[in-house]
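Single-structure report; data block below.
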Amino acid sequence: MGSSPSRIRRSSHPISISRFNHSPGNSSNQCRYNTVCPYCYRLTRGNENVDDAFRITLQKLFPGAYGLEEFVFQTKQRLVPKGFYPHVNTLVCVGLCRDEITSPFEEKIEAMWGRAFICGSLGGILFCGNTGFAAAHHHAPETSRFIYYCFTHIAIDHKGLVGSVYRTRSGMNEKSTACGALAVFATEIASNILNLDFDENDIEMSMLKRHIIQQTDLSTDANNAPDLLKVTMTAYDTITIDLERHVQYDAEHFEDRQYALFTGVQIHGPNGMDYCWVGKASLLNKGILSPLVLPATNNPMSTIGILNEQH
């Protein structure tokens, strides 16, 4: 995850709000955007290439990643013809990490579908269990529709460093890590200090480690230690397994319900921009789980949305 940089000086300057602009005629296939302030990473007026290191890393690790707004819009476009109507017959359920930087995803979802039932925890793992899922499924009629957006998360900074993110909104100038809980898990394995004891003062973290190991083939050998990306992908696998199990159980009792399931990884990029990689999209109807095909994204660097004005 790299060493922490020296303390960064803050500066005051006007900020220009704009979308990325991709030019089809650019032979280098690079996007253009406003200059980033080297002190606080806010956009200033200018015209520079998007950080190549970030762009290359994103496309290598998460090909086809969507901008958040584009993704949520495409799910709506796909689901409305199937009878999923916002604010009419559909309850949306969101499972993300508790980290505050995941909140833009929840906001985009709720802006499209209405208030969500929250079912996530550290790392996005679905620890609400039978009681939590039963509660959500009792908040709508027997013939209703349910949509699940359940994603773990990771960061990639402007240098292409995986796990690194700047949280300047809280006044923090040093870079930190996302997902912090999954990074700790990876570090414990690599350092040969993995503790799998249940801790009542750290319930979610102690259960996160045990549950991911039980559900996946994640190595706990310090000589074959997984990196943060590997741990993140096993968190995604675990979330997908758990979600399908709980929803299929409900479907056994309510055959007229339909469920749309989306799982993957939320990616925090430079300048407060967020993306999501969709690992699996499914529709559960009459007990049958079938793939739900979404259209391919436009260039993700050009559909990422508008940067917030303030940190």
* State yes or no: do Tyr249 and Leu243 share one hydrophobic cluster built from I, L, V, M, F, W and Y residues joined by side-chain heavy-atom distances below 4.5 Å, directly or via other members? => no
* side chain to side chain contact (heavy atoms under 4.5 Å, CB included) evaluation trace for Phe133 with Leu126 -> CA-CA 9 Å; Phe133 278 92; Leu126 302 175; 4.0 Å; yes
* Structure fact -> Contacts of Ala136 meeting side chain to side chain contact (heavy atoms under 4.5 Å, CB included) (sequence neighbours excluded), chain-then-number -> Cys93, Phe117, Tyr148
* Given the rule in the side chain to side chain contact (heavy atoms under 4.5 Å, CB included) test, do Phe54 and Lys159 qualify, once you have shown the distances and angles that lead to the verdict? -> CA-CA 6 Å; Phe54 165 74; Lys159 296 181 179 180; over 6 Å; no
* Aromatic ring proximity Phe254/His137, centre distance under 6.0 Å -> no
* To do: Working to the nearest 0.5 Å, report the span between CD of Gln266 and SG of Cys150.
  => 12.5 Å
* To do: Answer with yes or no after comparing the ring centroid distance for Phe151 and Phe105 against a 6.0 Å cut-off, counting only values under it.
  => yes
* Leu284: partners by side chain to side chain contact (heavy atoms under 4.5 Å, CB included), with sequence neighbours left out -> Val247, Gln248, Ala251, Tyr259, Leu289
* Structure fact -> Closest non-hydrogen contact found for Gly64 with Thr297 is O-CG2, 3.6 Å
* Taking the six-membered ring for Trp, are the ring centroids of Phe71 and Phe262 within less than 6.0 Å of each other? -> yes
* To do: May I ask you to check whether Trp113 and Tyr149 show a side-chain donor-acceptor distance below 3.5 Å?
  => yes
* Working to the nearest 0.5 Å, report the span between OG1 of Thr232 and CG of Leu182. => 5.0 Å
* Asked: Between Tyr66 and Phe73, is the gap from one ring center to the other below 6.0 Å?
  -> no
* Asked: Do the side chains of Leu208 and Phe185 get nearer than 4.5 Å, heavy atoms only?
  -> yes
* Between Ser206 and Asp199, a side-chain donor and acceptor under 3.5 Å -> no
* Asked: Can you name the nearest heavy-atom pair linking Leu68 to Pro104, along with the distance?
  -> CD1-C, 4.1 Å
* Atom OG in Ser103, atom CD in Glu110: separation rounded to 0.5 Å? -> 10.5 Å
* **salt bridge (charged side-chain N to carboxylate O under 4.0 Å, His left out) partners of Lys280, counting only residues at least two apart** => Glu244
* Within 6.0 angstrom of His87 NE2, more than 12 heavy atoms from elsewhere -> yes
* Asked: With the 4.5 Å side-chain cut-off for hydrophobic clustering, are Val231 and Phe62 part of the same group?
  -> yes
Can you give me every donor-acceptor pair (side chain of residues 210-217, partner residue at least two apart or in another chain, under 3.5 Å) with its distance?
from   : atom 1 : to     : atom 2 : distance (Å)
His211 : NE2    : Asp242 : OD1    : 3.3
His211 : NE2    : Asp242 : OD2    : 2.6
Gln215 : NE2    : Asp242 : OD1    : 2.7
Thr216 : OG1    : Ile212 : O      : 2.8
Thr216 : OG1    : Leu218 : N      : 3.3

* How close do Ala135 and His139 get, heavy atom to heavy atom, and via which atoms? -> O-CD2, 2.9 Å
* Does atom CD of Glu255 have more than 12 heavy-atom neighbours, drawn from other residues, nucleotides or ligands, at distances under 6.0 Å? -> no
* Structure fact -> In this structure, CG of Leu292 is separated from OG1 of Thr75 (nearest 0.5 Å) by 9.0 Å
* **Partners meeting side chain to side chain contact (heavy atoms under 4.5 Å, CB included) with Asn285 (sequence neighbours left out)** => Gln258
* Asked: In Å and rounded to the nearest 0.5 Å, what is the CG to OG1 distance from Leu229 to Thr57?
  -> 10.5 Å
* To do: Evaluate whether atom CZ of Arg115 has more than 12 neighbouring non-hydrogen atoms of other residues, nucleotides or ligands under 6.0 angstrom away.
  => no
* To do: Please name the pair of heavy atoms, one in Leu228 and one in Gly163, separated by the smallest distance, quoted to 0.1 Å.
  => CD2-CA, 3.6 Å
* Asked: Where do His153 and Leu96 land on the side chain to side chain contact (heavy atoms under 4.5 Å, CB included) test, with the steps shown first?
  -> CA-CA 8 Å; His153 72 132; Leu96 303 174; over 6 Å; no
* salt bridge (charged side-chain N to carboxylate O under 4.0 Å, His left out) against Glu188, all qualifying residues, sequence neighbours excluded -> Lys209
* Shortest non-hydrogen contact from Ala65 toward Leu58 -> CB-CD1, 4.2 Å
* The single option from Lys76, Gln77, Lys82 passing side-chain contact (heavy atoms from CB on, under 4.5 Å) against Val80 -> Lys76
* To do: State which residue, out of Ile239, Thr240, Thr234, fulfils the side-chain contact (heavy atoms from CB on, under 4.5 Å) condition with Tyr236.
  => Thr240
* Asked: Measuring from Ile154:CD1 to Leu61:CG, what's the distance to the nearest 0.5 Å?
  -> 7.5 Å
* Minimum heavy-atom distance Asp221-Asn223, with the two atoms named -> OD1-N, 2.9 Å
* Heavy-atom side-chain contact between Asp274 and Ile267 under 4.5 Å -> no
* To do: Let me see the working for Asp227 and Lys230 under salt bridge (charged side-chain N to carboxylate O under 4.0 Å, His left out), right down to the final yes or no.
  => CA-CA 5 Å; Asp227 59 13; Lys230 176 63 175 178; over 6 Å; no
* Side-chain heavy-atom pair Ser219, Ile189 within 4.5 angstrom cut-off -> no
* Please answer: with hydrophobic residues joined when any side-chain heavy atoms are less than 4.5 Å apart, are Leu79 and Val94 in the same cluster? => yes
* **Side-chain touch Glu106/Ile118, heavy atoms, less than 4.5 angstrom** => yes
* Asked: If only atom types and distance count, is the side chain of Thr152 paired as donor or acceptor with the main-chain N or O of Gly123 below 3.5 Å?
  -> yes
* To do: Measure the acute angle between the ring planes of Tyr166 and His158, then classify it against the limits of 30° and 60° as parallel, tilted or perpendicular.
  => tilted
* Full working for side chain to side chain contact (heavy atoms under 4.5 Å, CB included) between Val265 and Met233 -> CA-CA 8 Å; Val265 181; Met233 298 312 294; 4.0 Å; yes
* To do: Treating Ile, Leu, Val, Met, Phe, Trp and Tyr as nodes and any side-chain heavy-atom pair under 4.5 angstrom as an edge, say whether Phe84 and Val278 lie in one connected cluster.
  => yes
* Does Phe198 share a hydrophobic cluster with Met205, counting links as ILVMFWY side-chain heavy atoms below 4.5 Å and allowing steps through other members? -> yes
* Could you tell me whether Asp256 and Lys286 make a salt bridge, using a distance below 4.0 angstrom between a side-chain N and a carboxylate O? => yes
